[in-house]
Amino acid sequence: MKALVLAGGSGTRLRPITHTSAKQLVPVANKPVLFYGLEAIAAAGVREVGIVVGDTHREIEAAVGDGSAFGLEVTYLRQEAPLGLAHAVLIAREYLGEDDFVMYLGDNFVVGGIEPLVRRFEEERPAAQIMLTRVPDPRQFGVAELDATGRVAGLEEKPERPKSDLALVGVYIFSPAVHEAVAALKPSWRGELEITEAIQWLIDAGRPVASTVISGYWKDTGNVADMLEVNRLVLEEVEQRLDGEVDAASEIIGRVVVEPGALVTGSRIVGPVIIGAGTVVRDSYVGPFTSVAENCQIVDSEIEYSIVLRRASIHGVRRIEASLIGHDVEVTPAPNTPRAHRLVLGDHSKVQISS
């Protein structure tokens, strides 16, 4: 079995962060989302991985390399435009050959890994196997309808009137039968080759499609709220580790990780929190569910439930929460006079100001 990891999307919902960074490399708990997926694939015993990349291919390739750090053999497959999940299967046809394969969306996060899904596929040998989860608003997802026996009766992409609340999670397993289905597709109203239509083709052709309704946690980390929620979830599992320097005037409460080379002075940190290597926290409060990447500065400030990326600096600010702060960002107080807001904002920025 091989794996096909999709890492070619542009990440429009995470702008402006993704103007300069691939959305799959935005970190949760100081590790790129994509890495969690690659680790799950390796843990399931899959070794050969094709990563579908687009405009951010150089950044993805630099981060993942040849895959050996994950115990994988990685091949990069270039997708000139994001024309749908099934289009990714189409361009990977030669690489996949006649092998079964896991298709994993690189910005998705699944708790518990995929090993049980792979084992079930190997035992039952359906044409396709999908993962489903119940969601409050299925109109935003591919939606599955099950028959009385629990078999997949039909699929629909982002339906206006969903027939169930069961959404497709971004992990699929296919036999080579899917290539015939993909080859028969026409672009949808969105101009894309839809993987839901390929699976529906298999159902209509009488090929068995199995499903697993997962009760664990799944998130598509495509927006800031979901990134923060996944960050919270991962931080719940950390254990205290103080490898950096913490002075006697600081207070560390709960599960806090201070990476080597980090310096905490005169501060209060309430876990779960990760302070990255080389970061300085001085005379500040860092509250629960905050990840601060390497080489940042947090001075005379308060922050919690947030993600801070590399080399950002926060000086003299009260108070920051539920925020995603990008690379090399500087956050400082506004001058008291004149009373005005001074902003330099990139395209698609979102700003909330209390006036």
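Here the structure is a predicted model, which is why all the values come from computation and not from measurement.
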In terms of heavy-atom contacts, does [atom1] of [X] have more than 12 from other residues, nucleotides or ligands at under 6.0 Å?
X: Glu145; atom1: CD; result: yes
X: Lys163; atom1: NZ; result: no
X: Glu94; atom1: CD; result: no
X: Arg319; atom1: CZ; result: yes
X: Asp55; atom1: CG; result: no

So, taking the atom named [atom1] in [X] and the one named [atom2] in [Y], what distance separates them when rounded to the nearest 0.5 Å?
X: Leu90; Y: Leu185; atom1: CG; atom2: CG; value: 8.5 Å
X: Ser164; Y: Leu132; atom1: OG; atom2: CG; value: 7.5 Å
X: Thr290; Y: Asn231; atom1: OG1; atom2: CG; value: 8.0 Å
X: His327; Y: Asn295; atom1: NE2; atom2: CG; value: 11.5 Å
X: Arg310; Y: Asn30; atom1: CZ; atom2: CG; value: 10.0 Å
X: Thr56; Y: Leu25; atom1: OG1; atom2: CG; value: 7.0 Å

Is any side-chain N of the basic residue among [X] and [Y] closer than 4.0 Å to the acidic one's carboxylate O?
X: Arg120; Y: Glu123; answer: no
X: Arg93; Y: Glu98; answer: yes
X: Arg255; Y: Glu237; answer: no
X: Arg241; Y: Glu259; answer: yes
X: Arg58; Y: Glu61; answer: no
X: Asp100; Y: Arg125; answer: yes
X: Arg47; Y: Glu73; answer: no

Go through the side-chain N and O atoms of [X] and [Y] and say whether any donor and acceptor fall under 3.5 Å apart.
X: Glu304; Y: Tyr285; answer: yes
X: Arg282; Y: Ser267; answer: no
X: Gln79; Y: His87; answer: yes

Taking side chain as C-beta onward, heavy atoms only, is [X] less than 4.5 Å from [Y]?
X: Met131; Y: Leu168; value: no
X: Ile298; Y: Val292; value: yes
X: Tyr305; Y: Glu229; value: yes
X: Val178; Y: Phe101; value: yes
X: Arg232; Y: Val230; value: no
X: Val257; Y: Gln240; value: no
X: Ile275; Y: Val281; value: yes
X: Arg161; Y: Glu156; value: no

Is a side-chain donor or acceptor of [X] paired with a backbone partner of [Y] at a separation under 3.5 angstrom?
X: Arg134; Y: Val213; value: no
X: Thr196; Y: Gly142; value: no
X: Asp165; Y: Pro136; value: no

Tell me the closest heavy-atom pair linking [X] and [Y], and the distance in Å.
X: Leu155; Y: Ala144; result: CD2-CB, 3.4 Å
X: Ile91; Y: Arg78; result: CD1-O, 3.6 Å
X: Gly106; Y: Val5; result: CA-CG1, 4.1 Å
X: Pro126; Y: Ser175; result: O-CB, 4.0 Å
X: Ala92; Y: Leu4; result: CB-CD1, 3.6 Å
X: Arg207; Y: Ala177; result: NH1-CB, 3.2 Å

Task: Full working for side chain to side chain contact (heavy atoms under 4.5 Å, CB included) between Met227 and Val26 - done: CA-CA 9 Å; Met227 287 291 302; Val26 177; 3.2 Å; yes

Treating Ile, Leu, Val, Met, Phe, Trp and Tyr as nodes and any side-chain heavy-atom pair under 4.5 angstrom as an edge, say whether [X] and [Y] lie in one connected cluster.
X: Val89; Y: Leu85; value: yes
X: Tyr172; Y: Leu146; value: yes
X: Ile114; Y: Phe121; value: yes
X: Ile253; Y: Val286; value: no
X: Val273; Y: Leu263; value: no

Task: Intermediate values then yes/no, side chain to side chain contact (heavy atoms under 4.5 Å, CB included), Leu235 and Ser291 - done: CA-CA 8 Å; Leu235 287 178; Ser291 296; 3.7 Å; yes

- [ ] Carefully, step by step, assess Glu39 and Lys31 under the rule salt bridge (charged side-chain N to carboxylate O under 4.0 Å, His left out).
- [x] CA-CA 11 Å; Glu39 288 169 355; Lys31 182 164 66 176; 3.0 Å; yes

Task: Any pair counted as ring pair (Phe, Tyr, Trp, His ring centres under 6.0 Å), so long as it reaches residues 61-85, sequence neighbours left out - done: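 Residue pairs with at least one partner in residues 61-85: Phe35-Phe70.
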
Open item on the list: Would Thr75 and Tyr95 count as a side chain to side chain contact (heavy atoms under 4.5 Å, CB included) here? Give the steps.
Closed with: CA-CA 9 Å; Thr75 299; Tyr95 170 76; 3.6 Å; yes

Task: Derivation and outcome, side chain to side chain contact (heavy atoms under 4.5 Å, CB included), residues Leu117 and Val171 - done: CA-CA 9 Å; Leu117 191 73; Val171 180; 3.8 Å; yes

- [ ] Please go through Leu83's hydrophobic cluster and name the other residues, only I, L, V, M, F, W, Y counting, with side-chain heavy atoms under 4.5 Å joining them.
- [x]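 Direct or chained contacts put Leu83 with none.
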
